[in-house]
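Sending over a structure as structure tokens; questions will come in a sec.
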Amino acid sequence: MNRPSTASTAPLAPFAAFDEAAAVRRAARVRVMVFDVDGVLTDGGLRYGPAGELIKTFDSLDGHGMKLLAEAGIVTAIITGRQSDIVAKRASDLRVEHVYQGVRDKREAFEDLCGKLSVTADVCGHIGDDWPDLPVLTRVGFAACPANAHAEVKARSHWIAATRGGDGAVRELCDFVLRAQGRYDALLAEALA
């Protein structure tokens with residue numbers, strides 16, 4: 001007969017108190033911003049078409065935010081555990097040059113990216129939502145996550161979006177970084193010109 005385990009489970013890590021001033025200082029140093037895909041650039045849902053093809057939905061505001069980061073001189077990159085032609089197409093549309101797909105160890109991919117760009121982790125930011133992102137989130141200078149991220153990710157993030165992944169969290173992050181670096185108003189003025 002199977003009996004329930006009586007072993008106690010460790011409690012989730014407590015949420016760190018949000019320190020907006022510290023988050024702004026960290027975001028101000030970001031030169032490279034790394035994005036996860038499922039649950040960050042998408043809502044995390046995996047939808048399959050009639051022929052078994054995977055369908056992902058991306059938020060256009062998120063994409064424009066990533067373009068604004070690039071205009072401000074911040075390198076954007078994607079590191080994701082899944083391999084998908086859809087992600088390759090979206091990255092191409094957004095002119096994201098550094099795309100790592102089908103990654104089993106995101107830390108290794110991140111270290112490769114830092115080597116290619118000749119940067120250290122402290123000038124990098126990363127937005128992720130689940131445990132596979134932790135090896136990068138715990139190394140970067142600016143760790144971020146969407147509102148619906150796993151509790152362990154939230155507990156280790158410097159900044160948490162008010163919105164969910166795939167529903168504006170990335171745009172919210174991009175705007176935060178641009179404001180922290182004093183670039184938001186100039187980019188907005190260009191858009192209004």
Side-chain angles (χ1 to χ4, degrees), residues 23 26-27 29-46 54 56-114 116-117 119 121 123-150 153-154 156-178 180-181:
R26 288 175 175 277
R29 294 191 307 256
V30 170
R31 299 293 168 256
V32 178
M33 191 69 215
V34 180
F35 299 86
D36 179 33
V37 175
D38 295 322
V40 173
L41 288 171
T42 73
D43 65 6
L46 300 176
L54 183 60
K56 296 179 186 274
T57 303
F58 297 92
D59 185 289
S60 62
L61 292 175
D62 287 350
H64 190 69
M66 291 174 71
K67 287 180 180 178
L68 291 172
L69 287 183
E71 283 182 41
I74 298 169
V75 175
T76 56
I78 291 173
I79 300 177
T80 182
R82 294 187 187 278
Q83 181 73 41
S84 169
D85 291 341
I86 297 166
V87 171
K89 171 67 172 136
R90 184 65 175 148
S92 174
D93 289 349
L94 297 175
R95 296 185 190 103
V96 176
E97 294 181 31
H98 306 282
V99 181
Y100 295 80
Q101 292 199 71
V103 173
R104 292 183 61 93
D105 184 345
K106 291 188 177 187
R107 180 184 41 83
E108 286 181 12
F110 175 68
E111 289 172 356
D112 182 73
L113 175 67
C114 288
K116 285 180 179 174
L117 297 173
V119 297
V123 296
C124 296
H126 180 22
I127 182 167
D129 69 317
D130 208 347
W131 288 19
D133 299 304
L134 290 172
V136 178
L137 282 167
T138 57
R139 284 170 171 75
V140 296
F142 178 60
C145 68
N148 59 323
H150 189 278
V153 172
K154 287 181 175 180
R156 290 161 177 83
S157 292
H158 305 117
W159 181 87
I160 301 170
T163 49
R164 299 172 59 86
D167 194 27
V170 166
R171 181 55 179 272
E172 189 181 337
L173 167 80
C174 295
D175 289 352
F176 184 83
V177 171
L178 291 169
Q181 296 190 6

- Between V32 and H98, is any pair of side-chain heavy atoms under 4.5 Å apart? no
- Search all heavy atoms of D62 against all heavy atoms of G168 and return the closest pair with its distance. OD1-CA, 3.2 Å
- Between A143 and R156, the two heavy atoms sitting closest are CB-O, 3.8 Å
- Partners passing side chain to side chain donor-acceptor pair (under 3.5 Å) against D112 (at least two apart in sequence or in another chain): Y100, K116
- Any chance you could measure L61, atom CG, to T163, atom OG1, to the nearest 0.5 Å? 10.0 Å
- Using a strict 4.0 Å threshold on nitrogen-to-oxygen distance, state whether R171 and D59 make a salt bridge. no
- Message: Can you confirm whether L41 sits close enough to M66 that some side-chain heavy atom of one is under 4.5 Å from a side-chain heavy atom of the other?
- Response: yes
- Is the closest side-chain heavy-atom distance between T42 and K56 below 4.5 Å? yes
I'd like a table of donor-acceptor pairs (distance under 3.5 Å, sequence neighbours excluded) in which one partner is a side-chain atom from residues 87-96, with atom names and distances.
from : atom 1 : to  : atom 2 : distance (Å)
K89  : NZ     : D93 : OD1    : 2.7

- Donor-acceptor under 3.5 Å (K154 side chain, N148 main chain): no
- Do you know the tightest heavy-atom contact between F142 and A23? CE1-O, 3.8 Å
- CG of D85 to CD of Q101, rounded to nearest 0.5 Å, is 8.0 Å
- Output yes when a side-chain donor or acceptor of R164 lies under 3.5 Å from a complementary backbone atom of A147, and no otherwise. no
- Query: Run the side-chain contact (heavy atoms from CB on, under 4.5 Å) check on L178 and L69 step by step: do they pass?
  - Reply: CA-CA 7 Å; L178 291 169; L69 287 183; 3.9 Å; yes
- Q181 side, atom CD; I74 side, atom CD1 - distance, nearest 0.5 Å: 4.0 Å
- Min side-chain heavy-atom separation V30-V123 under 4.5 Å: no
- Task: Measure across G128 and P146 and return the closest heavy-atom pair with its distance rounded to 0.1 Å.
- Result: O-CD, 3.4 Å
- Query: Testing I127, V140, L113 for side chain to side chain contact (heavy atoms under 4.5 Å, CB included) with V34, which one passes?
  - Reply: L113
- Interatomic distance, CG@D43 vs CG@D167, rounded to 0.5 Å, equals 8.5 Å
- Determine the minimum heavy-atom distance between F176 and A27, stating which atoms define it. CE2-CB, 3.8 Å
- Item | Side chains of C174 and L68 in contact at under 4.5 Å (non-hydrogen atoms) | no
- Task: List the atom of M33, the atom of H126, and the distance in Å for their closest heavy-atom pair.
- Result: CE-N, 3.4 Å
- Item | pair L173-F35: side-chain heavy atoms closer than 4.5 Å | yes
- Message: Within the supplied structure, the quantity of interest is the number of heavy atoms (other residues, nucleotides, ligands) at a distance under 6.0 Å from E97 CD; does it exceed 12?
- Response: no
Review item, side-chain donor-acceptor pairs of residues 129-136, under 3.5 Å, at least two apart:
from : atom 1 : to   : atom 2 : distance (Å)
W131 : NE1    : H150 : ND1    : 3.3
D133 : OD1    : K106 : NZ     : 2.6
D133 : OD2    : D129 : N      : 2.9
D133 : OD2    : D130 : N      : 3.2

